[in-house]
Amino acid sequence: MAIKPSTLKGTRDFLPEQVIRRNYIFDIIRSVFERYGYRPIETPAMEKLDTLTGKYGEEGDRLIFKILNNGDFLSKVPGQILEEKASNKAVSMLSKRALRYDLTVPFARFVVQHRNDLQLPFKRYQIQPVWRADRPQKGRYQEFYQCDVDVVGSASLMYEAELIAIYAEVFEALKLPVTIRINNRKILAGIAEVAGIADRMIEMTVALDKLDKIGAEKVAREMTSKGIANDAAERVLQLIQLSSLEEMQAAMQDSATGVSGIRELQEALAFFGETLPANVSVDFTLARGLNYYTGFITEVTVDGPAMGSIGGGGRYDDLTGVFGMPGVSGVGISFGAERIYDAMEELGLFPASLELDARVIVLAMDADSHKHGFTIAQSLRKEGISTDIYPEPAKFKKQMKYADQRGIPFALIIGEEERNSGMFTLKDLKTGQQTKGSIEEVKEVLKRPSL
RNA sequence: GUGGAUGUAGCUCAGUUGGUUAGAGCGCUGGAUUGUGGUUCCAGAGGUCGCCGGUUCAAAUCCGGUCUUCCACCCCA
């Protein structure tokens with residue numbers, strides 16, 4: 001019985017053109033990372049379940065893919081738990097491993113494990129897939145690539161500036177118009193403190209995050225529905241309206257935390273002087289979910305296409321603490337490859353010059369020409385020219401059609417005539433123009449970049 | 001995790017109040033044209049109507065379940 005072929009929910013296959021375009025994105029990201037002195041690492045797809053749980057908040061934990069234990073896994077679960085259908089209790093007995101949910105937490109584990117081999121501050125980048133058991137939507141997948149750059153072992157605010165610069169540089173190279181918003185968790189804490197709701201900071205930030213989307217009135221309503229007093233909610237919304245760091249600083253003199261958040265942002269931005277990219281802006285409503293951020297936070301959205309953020313990050317003061325290495329501050333950002341891809345596709349930003357297939361295909365008229373064609377193909381390949389050859393001297397029309405449909409730019413035609421004269425026919429399949437020349441002349445044309 | 005839509009040929013979609021062999025366009029294969037593709041003309045192949053079950057003499061059509069995709073939440077890249 002045939003199994004109906006399909007990929008799993010929230011996952012997909014990539015056709016050759018798609019992989020080539022994705023690689024274009026990865027290559028640009030990688031080259032910028034390396035230009036800033038970051039070095040690559042990789043970690044396993046699986047981690048201990050304990051390594052991952054508790055780092056992303058309750059919501060995040062729910063979305064971690066768990067891997068069923070091997071062997072007779074049910075024998076270790078007490079009958080009572082099975083009878084009660086207590087899934088939560090059973091999970092830890094049924095699963096010891098999980099697929100990584102992001103790259104940051106495995107990186108924290110990596111740093112602690114290899115602490116003796118690493119020189120702090122340690123700058124690394126990592127481009128690998130992560131998995132989330134989220135309900136799929138457009139731009140939301142269960143398997144997707146993240147491109148993370150992080151530096152651990154330094155509290156220097158210069159790194160905040162460096163990472164902002166990396167964001168700006170990558171998106172400029174991709175020609176993707178974006179807005180890079182930055183904020184600091186300590187400012188949010190300060191706002192909560194000044195409004196007298198320090199204990200409700202999380203509810204406040206979750207509501208504030210929606211300000212653009214639902215408006216001030218609904219944000220206020222959401223805050224009060226979460227147990228925040230009316231006047232406190234009012235105060236929060238007033239503070240948020242402040243447009244400059246200076247005004248904010250004046251408004252939160254009473255909160256030492258808030259003031260230090262302001263100072264951190266100012267210090268980081270000072271590295272740019274007058275050269276701060278125009279698309280970077282401070283946004284006091286930016287909250288971000290992942291629990292481990294403690295200071296600087298940032299998020300990138302595309303200008304135009306409606307989709308979630310295409311990148312985000314921030315500073316985490318003590319991620320390595322839970323792995324037994326306290327007091328190591330880190331800061332990092334992430335690029336969401338699939339969403340960047342989707343946005344670039346929607347805006348038509350992939351360069352037409354991307355080499356999607358071989359540069360030339362050898363087409364032969366007869367069996368002898370086909371054999372000769374093989375050695376010709378080899379000599380082109382030796383010159384670094386991406387060359388294909390039709391597998392047999394089939395009906396010529398069929399060969400032409402194949403070349404055309406694959407979108408290969410040139411066809412090199414070999415028949416008796418060419419073999420005898422040593423002059424080969426090269427056809428530009430886009431223009432239909434056809435020229436004859438020696439093998440050297442052919443090579444020269446093929447090496448010339450096409451427009 | 002909550003609420004809502006969706007699924008018919010490779011693709012985009014028709015398909016009447018349930019009623020014989022389920023259609024179109026594009027694409028595909030072959031031919032017209034035995035050394036020239038993208039145009040034209042002709043012919044052909046391709047569907048257990050997402051899957052499982054129910055109602056009925058009869059189901060693509062009605063009902064239930066399930067899966068997929070999409071939308072709004074939640075959350076996030």
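Lettering of chains follows the sequences in order, A, B, ..., and the numbering in each one begins at 1. These figures come from a predicted structure and were not determined experimentally. Side-chain atoms are counted along with the backbone in the values below, which use heavy atoms only and exclude waters and symmetry mates.
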Under a 4.0 Å N-O cut-off, is there an ion pair linking [X] with [Y]?
X	Y	result
A/Asp388	A/Arg359	no
A/Glu338	A/Arg22	yes
A/Arg35	A/Glu169	yes
A/Glu416	A/Arg419	no

Under-3.5 Å donor-acceptor pair between [X] side chain and [N] base:
X	N	value
A/Lys395	B/rU34	no
A/Glu58	B/rG1	no
A/Arg339	B/rC76	yes
A/Arg140	B/rC75	yes
A/Arg135	B/rG3	yes
A/Asp404	B/rG38	no
A/Gln399	B/rU36	no

Q | Atom C1', compared across B/rG1 and B/rC74: separation rounded to whole Å | A |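 Roughly 8 Å separates the two C1' atoms.
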
Q: For B/rA60 and B/rG18, measure between their C1' atoms and round to the nearest Å.
A: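 So the two C1' atoms sit 10 Å from each other.
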
Categorize [X] for me: base, sugar-phosphate, or nothing, with a 4.0 angstrom heavy-atom threshold over every strand shown.
X	result
A/Ile413	base
A/Glu299	nothing
A/Gly432	base
A/Lys401	sugar-phosphate

Q | Distance, rounded to the nearest Å, where A/Asp102 contributes CG and B/rC76 contributes P | A |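 These atoms are roughly 11 Å apart.
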
Tell me which nucleotide, if any, is Watson-Crick or G-U wobble paired with [N] when both distances must be under 3.5 Å.
N	value
B/rA58	none
B/rG25	B/rC11
B/rC70	B/rG4

**Q.** Minimum-distance nucleotide (side-chain atoms of A/Lys398 versus B/rC70, B/rG30, B/rG37)
**A.**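 Of B/rC70, B/rG30, B/rG37, B/rG30 is nearest to the side chain of A/Lys398.
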
Q: Could you tell me whether the side-chain ring of A/Tyr402 sits stacked on the base of B/rG37, using a centroid cut-off under 5.5 Å and a plane angle under 30°?
A: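 Taking the rule of under 5.5 Å and under 30°, the ring of A/Tyr402 does not stack on B/rG37.
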
Q: Pick out which of A/Lys66, A/Lys96, A/Arg109 makes a salt bridge (Lys or Arg N to Asp or Glu O under 4.0 Å) with A/Glu47.
A: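 That would be A/Arg109; it is the only one of A/Lys66, A/Lys96, A/Arg109 passing the salt bridge (Lys or Arg N to Asp or Glu O under 4.0 Å) with A/Glu47.
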
If the cut-off is 4.0 Å, is [X] near the phosphate of [N], judged by side-chain N/O to OP1 or OP2?
X	N	value
A/Arg288	B/rA77	yes
A/Lys427	B/rU36	no
A/Gln137	B/rC76	no

(Q) Check this for me: A/Phe374, atom CZ, are more than 12 non-hydrogen atoms of other residues, nucleotides or ligands nearer than 6.0 Å? (A)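 It does not: A/Phe374 CZ has 12 such atoms or fewer within range.
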
